[in-house]
2 protein chains.
Amino acid sequence: MDKGLIAGSTTMLVLKLLEGKDMYGYQMINELSKKSDRTFNLKAGTLYPILHGLEINEMVISYDENADGARVRKYYHLTHKGKKLLADKQREWDAYSQAVHKILNGGASYAAI
Amino acid sequence: MDKGLIAGSTTMLVLKLLEGKDMYGYQMINELSKKSDRTFNLKAGTLYPILHGLEINEMVISYDENADGARVRKYYHLTHKGKKLLADKQREWDAYSQAVHKILNGGASYAAI
DNA sequence: TGACATATATAGATGTCCGATATACCTCCT
DNA sequence: AGGAGGTATATCGGACATCTATATATGTCA
């Protein structure tokens with residue numbers, strides 16, 4: 001997978017994961033890989049700075065939790081502001097991917113997905 | 001349109017345009033905008049370096065031509081090597097966009113991950 | 001005790017794209 | 001003739017996203 005294609009959509013995917021449930025960083029990396037059939041292999045060096053940025057901008061809030069004797073994990077929770085950002089990013093993605101589809105299929109008509 | 005989303009796919013779109021016919025840079029900018037319903041507004045400062053890079057790597061070849069009294073334009077032609085690159089990039093794009101679709105719609109359509 | 005997976009964090013390097021700027025030609029209008 | 005505006009190519013500097021590499025520390029299993 002060309003890493004360039006990932007650009008710009010990583011934040012959206014992270015927000016989408018948190019829409020379902022609160023998660024911690026390491027877990028997001030694994031679930032993203034799993035849910036995408038190993039297409040996305042997000043690196044820790046990419047994810048953590050993104051999470052910190054989202055927290056600073058109040059898109060997510062974090063809290064520590066240690067599940068049954070396990071080590072402390074930092075969970076992230078999507079805020080209302082974060083949900084709005086996710087909705088915006090999804091709209092952008094739809095417009096973008098649809099435009100790419102038009103170019104690749106020569107403006108031919110296609111059935112809506 | 002968030003510029004971040006464009007990342008990585010610009011080269012593919014340029015190659016796709018050249019698959020249909022030989023074109024010159026300025027023309028590509030306008031056709032890309034037109035074919036995408038103004039979603040893509042490729043800048044000259046982005047396109048020309050890409051074209052030069054593609055030519056160095058023998059994905060395209062260029063030739064000058066002046067159409068009926070008009071000024072000289074630099075046309076680009078897709079090579080066999082370039083067609084193979086385009087095919088690769090399209091396969092990558094398909095895998096990538098399908099994976100994003102799974103993340104965005106996965107929770108609703110299929111269970112048991 | 002050592003190896004390995006888990007878990008978070010940051011600095012440095014790389015690549016992509018855009019804004020700004022430069023040059024020059026062509027056409028239209030006055 | 002002169003100026004404005006669209007056409008056409010080109011390059012540099014900066015902004016931004018991502019990866020690699022590295023660091024640290026804990027939990028589990030052999």
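Residue numbering restarts at 1 for every chain, and letters A, B, ... go by the order of the sequence lines.
By the 4.0 Å N-to-carboxylate-O rule, B:E58 lies close enough to B:K81 to be salt-bridged with it. Ionic pairing of A:R91 and A:D88 is present here: one or more N-O contacts between side-chain nitrogen and carboxylate oxygen are shorter than 4.0 angstrom.
In this entry the distance linking CG of A:N66 with C1' of C:dA7 reads 14 Å, nearest Å. Rounded to whole Å, atom P of C:dT16 lies 14 Å from atom CG of B:L51. In this structure, NZ of A:K43 is placed 17 Å from C1' of C:dG12, rounded to the nearest angstrom. Spacing between atom CD of B:E65 and atom P of C:dC25 amounts to 20 Å, rounded to whole angstrom units. Straight-line distance from the CD1 atom of A:I50 to the P atom of C:dT10: 14 Å, rounded to whole Å. The distance from atom CG of A:L42 to atom P of D:dC19 is 6 Å, rounded to the nearest whole Å. In this structure, CE of A:M23 is placed 11 Å from P of C:dT8, rounded to the nearest angstrom. Between A:Y48 atom OH and D:dA25 atom P the separation is 16 Å, expressed in whole Å.
Counting non-hydrogen atoms under 4.0 angstrom, B:G45 reaches a base of the nucleic acid.
The side chain of B:T10 places an N or O atom within less than 4.0 Å of a non-bridging phosphate oxygen (OP1 or OP2) of C:dC17. Not one side-chain nitrogen or oxygen of B:Y24 sits closer than 4.0 Å to the OP1 or OP2 atom of D:dT9.
For A:I29 against A:K43, the heavy-atom pair with the smallest separation is CD1-C, 4.3 Å.
The side chain of B:Y76 lies closest to D:dA10, out of D:dA10, D:dT7, C:dT8. Nearest to the side chain of A:P49, among D:dT18, C:dT10, C:dC17, sits C:dT10. The side chain of A:Y26 approaches C:dA5 more closely than any other nucleotide in the set C:dA5, D:dA8, D:dT18. For B:H52, whose side chain is taken as the heavy atoms from C-beta onward, the closest listed nucleotide among D:dA10, D:dT9, C:dT10 is D:dA10. In this structure, of D:dA10, D:dG6, C:dC18, it is D:dG6 that holds the atom nearest to the side chain of B:R71. Considering only side-chain atoms of A:R73, the nucleotide from D:dT9, D:dC19, C:dT6 that sits closest is C:dT6.
Taking the six-membered ring for Trp and thresholds of 30 and 60 degrees, A:W93 and B:Y96 have ring planes more than 60 degrees apart, a perpendicular arrangement.
Comparing B:T11 and A:N30 by the nucleotide of DNA chain C that holds the closest heavy atom to each, the one mapping nearer the 5' end is A:N30.
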Exercise. Test salt bridge (charged side-chain N to carboxylate O under 4.0 Å, His left out) on B:E31 and B:K34 and set out the steps.
Key: CA-CA 5 Å; B:E31 281 214 23; B:K34 194 176 170 185; over 6 Å; no
